[in-house]
Student: 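Dropping the structure in here first, questions after.
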Amino acid sequence: MNWLSRTIAASPRRALLASKALLIAGGFLVILGIYGRTSLIEANQARAEQNLPPLQSLAQSHPHLPTWFVPEGPVGFVVAGVLVLAAIY
């Protein structure tokens with residue numbers, strides 16, 4: 001961790017910008033994950049009323065959108081949380 005302290009001391013503005021970028025990226029992923037999860041729950045409720053099988057992922061729910069970066073499970077939310085915690089650190 002010495003190299004990190006020296007890097008931050010050498011260029012604090014660059015470290016601040018990197019921290020802001022990580023915080024925005026992590027927060028954006030968390031918000032997208034929550035939105036995606038609620039969207040999937042809503043779609044499955046509508047499908048249940050029509051006696052259709054439930055959808056398992058956002059890619060099935062929204063095939064026209066790129067959803068590979070949206071966290072859908074615990075691992076994705078942990079990665080987004082680690083980004084936010086790294087930004088805070």
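Nothing here was measured: the structure is a model prediction, and the numbers come from that model. What you see below is based on every heavy atom in this structure, not just the backbone, and it leaves out hydrogens, waters and symmetry mates.
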Student: For Gln56 and Glu72, which heavy atoms make the closest approach, and how far apart are they?
Tutor: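 For Gln56 and Glu72, the tightest heavy-atom pair comes out as O-OE1, 4.4 Å.
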Student: For Ser11, which residues count as a side-chain contact (heavy atoms from CB on, under 4.5 Å) partner, sequence neighbours excluded?
Tutor: Arg14
Student: Consider side chain to side chain contact (heavy atoms under 4.5 Å, CB included). Of Leu65, Leu58, Ile31, which one does Val70 pass it with?
Tutor: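 Per the side chain to side chain contact (heavy atoms under 4.5 Å, CB included) rule, the option paired with Val70 is Leu58, out of Leu65, Leu58, Ile31.
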Student: With a cutoff of under 4.5 Å between side-chain heavy atoms, which Ile, Leu, Val, Met, Phe, Trp and Tyr residues group with Leu23?
Tutor: Val84, Ile88
Student: Using atom types as modelled and distance alone, determine if a side-chain donor or acceptor of Thr38 lies under 3.5 Å from a backbone N or O of Ile34.
Tutor: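 Here the side-chain-to-backbone pair exists.
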Student: Among all residues two or more places apart in sequence or in another chain, which pass the side-chain contact (heavy atoms from CB on, under 4.5 Å) test with Leu55?
Tutor: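 Partners of Leu55 by the side-chain contact (heavy atoms from CB on, under 4.5 Å) criterion, ordered by chain and then number, come out as Leu40, Ala43, Asn44, Arg47, Gln60, Ser61.
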Student: Is there a path of hydrophobic side-chain contacts, each under 4.5 Å between heavy atoms of I, L, V, M, F, W or Y residues, that connects Leu85 with Val30?
Tutor: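 Hydrophobic grouping puts Leu85 apart from Val30.
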Student: Residues two or more places apart in sequence or in another chain: which of them pass side-chain contact (heavy atoms from CB on, under 4.5 Å) with Leu29?
Tutor: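 For Leu29 the side-chain contact (heavy atoms from CB on, under 4.5 Å) partners, ignoring immediate neighbours, are Phe69, Pro71, Ala80, Leu83.
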Student: Hydrophobic clustering (ILVMFWY, side-chain heavy atoms < 4.5 Å, transitive) - are Leu32 and Trp68 grouped together?
Tutor: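 Result: yes, single cluster for both.
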Student: Ignoring hydrogens and angles, state whether a donor on the side chain of Thr67 or His62 is under 3.5 Å from an acceptor on the partner side chain.
Tutor: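 Absent: no donor and acceptor within the cut-off.
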Student: Report the residues that fulfil side-chain contact (heavy atoms from CB on, under 4.5 Å) with Leu16, sequence neighbours left out, ordered by chain and then residue number.
Tutor: Lys20
Student: Other hydrophobic cluster members with Val79, side-chain heavy atoms of Ile/Leu/Val/Met/Phe/Trp/Tyr under 4.5 Å, chained?
Tutor: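 Listed partners: none, Val79 stands alone.
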